[in-house]
Number of protein chains: 2
Amino acid sequence: MKIGHLATAVGMDIQTLRYYESQGLLSEPARLQNGYRDYPDEAISRLKFIKKAKLVGFTLKEIKDLLAIQVTKDEHTCQEVKSFTQVKLAEISNKIEELQRIKVALEKIHTSCCGGDETAAHCSILSALEN
Amino acid sequence: MKIGHLATAVGMDIQTLRYYESQGLLSEPARLQNGYRDYPDEAISRLKFIKKAKLVGFTLKEIKDLLAIQVTKDEHTCQEVKSFTQVKLAEISNKIEELQRIKVALEKIHTSCCGGDETAAHCSILSALEN
DNA sequence: TTAAACCCTAAAGCATACTATAGAGTCAAG
DNA sequence: CTTGACTCTATAGTATGCTTTAGGGTTTAA
Ligand SMILES: [Zn+2]
Ligand SMILES: [Zn+2]
Ligand SMILES: [Zn+2]
Ligand SMILES: [Zn+2]
């Protein structure tokens, strides 16, 4: 399978596939005599795995590690795999908390402003940022 | 006031101040005869404004715009200022929603995994990413 | 006088995940 | 035989907010 075909099959674009290869997420495929990449069918499932993992927030580096486990499942444990989701869940929870903190602070100054069309000389948002 | 003093006063470091200057958040200060920057006292409050604005999620570019309004409050309206917090609130809400979507999806696959120390051959996390 | 502490500029590096550009070879159809 | 579609490599650019590096001047206290 040539790269354009693969890209279409998985809904990614060609440069992205070459980029993933450069980052070690996709192993170097065989080459045709003209030098074109020639992917095996498994490349499709590997890329779908990558897509799903991205959807749940994993970085490419993490996905690379997950893929390494996936191809040698027998040599790894559920514990090991679960620690990935554990860590990522903690990260995401922290991000959410941080954003909620920001949101609350922002809402507070937002609601205090009259939003009118008089001059901002008395604006409580600006005052809040000044003090 | 020299840059080191100012940096200490606001708890930022020197390079950051020079960076802010390069980005137009801090106006170019006067120079001493030896070429050293010589900041007026107002630089402190300006930097505190920047810090607070960062804390509620504004980017440097947005802060630059807010500062421009702040120094000419009379020529701007509350409406105008409030639109900044409005937009930012929407952005943050979206980010939170996206993260919560991810979190739910991740929790789902996380809890389905036994987390045991047998081999990952049957791991439901890997299966979830494969299908 | 000399060493530490402070200041200067310009440019590059970092992290992330691509995206774009330049310059060039290959292939199939008309 | 040429045009368009496809592929290749290598390199640089994007966004964000710094941080680091390199290579030098200046000031102050001992
Ligand atoms: Zn008002
Ligand atoms: Zn207002
Ligand atoms: Zn298990
Ligand atoms: Zn498992």
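Below, each value reflects all heavy atoms present in this structure, side chains not excepted, and no hydrogens, waters or symmetry copies. Order of the sequence lines sets the chain letters (A, B, ...), proteins ahead of strands, with each chain counted from 1.
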>> Suppose we call a contact any N or O donor and acceptor under 3.5 Å apart; does that hold for the side chain of Tyr36(A) and the base of dG25(C)?
In response: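 Flag set: donor-acceptor pair detected.
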
Whole-Å gap separating [atom2] ([N]) and [atom1] ([X]):
X        : N       : atom1 : atom2 : answer
Lys61(B) : dT16(D) : NZ    : P     : 10 Å
Leu6(A)  : dC8(D)  : CG    : C1'   : 16 Å
Glu21(B) : dC7(C)  : CD    : P     : 14 Å
Leu60(B) : dT19(D) : CG    : P     : 11 Å
Leu32(B) : dC7(C)  : CG    : P     : 10 Å
Tyr19(A) : dT9(D)  : OH    : P     : 17 Å
Lys2(B)  : dG25(D) : NZ    : C1'   : 13 Å
Leu25(B) : dC18(D) : CG    : P     : 9 Å

> For atom NZ of Lys64(A), is the number of surrounding heavy atoms from other residues, nucleotides or ligands below 6.0 Å larger than 12?
Replying inline: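 Atom NZ in Lys64(A) is not crowded, with 12 or fewer foreign heavy atoms closer than 6.0 Å.
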
>> Any base atoms under 4.0 Å from Ile14(A), or only sugar-phosphate, or nothing? Heavy atoms, all strands.
In response: sugar-phosphate

With respect to the phosphate group of [N], does any side-chain polar atom (N or O) of [X] fall under 4.0 Å of OP1 or OP2?
X        : N       : value
Lys64(A) : dT16(C) : no
Arg37(A) : dC6(D)  : no
Tyr20(A) : dA17(C) : no
Lys51(A) : dA17(C) : no
Arg18(A) : dA17(C) : no
Thr16(B) : dT19(D) : yes
Asn34(A) : dG25(C) : no

> If you look at every heavy atom in Leu55(B) and Ile102(A), which pair is closest and at what distance?
Replying inline: O-CG1, 3.5 Å

>> Please check: side-chain N/O of Lys88(B) versus main-chain N/O of Gly57(B), any donor-acceptor pairing under 3.5 Å?
In response: yes

>> Has Ser112(A) got a side-chain atom pairing as donor or acceptor with Ser124(A)'s backbone, closer than 3.5 angstrom?
In response: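 Pair absent, no side-chain N/O of Ser112(A) close to backbone of Ser124(A).
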
> Rounded to the nearest 0.5 Å, how far apart are CE of Met1(B) and CD of Glu42(B)?
Replying inline: 8.5 Å

> If each of Gln15(B) and Ile3(A) is mapped to the nucleotide of DNA chain D with the nearest heavy atom, which maps nearer the 5' terminus, i.e. the 5' end?
Replying inline: Ile3(A)

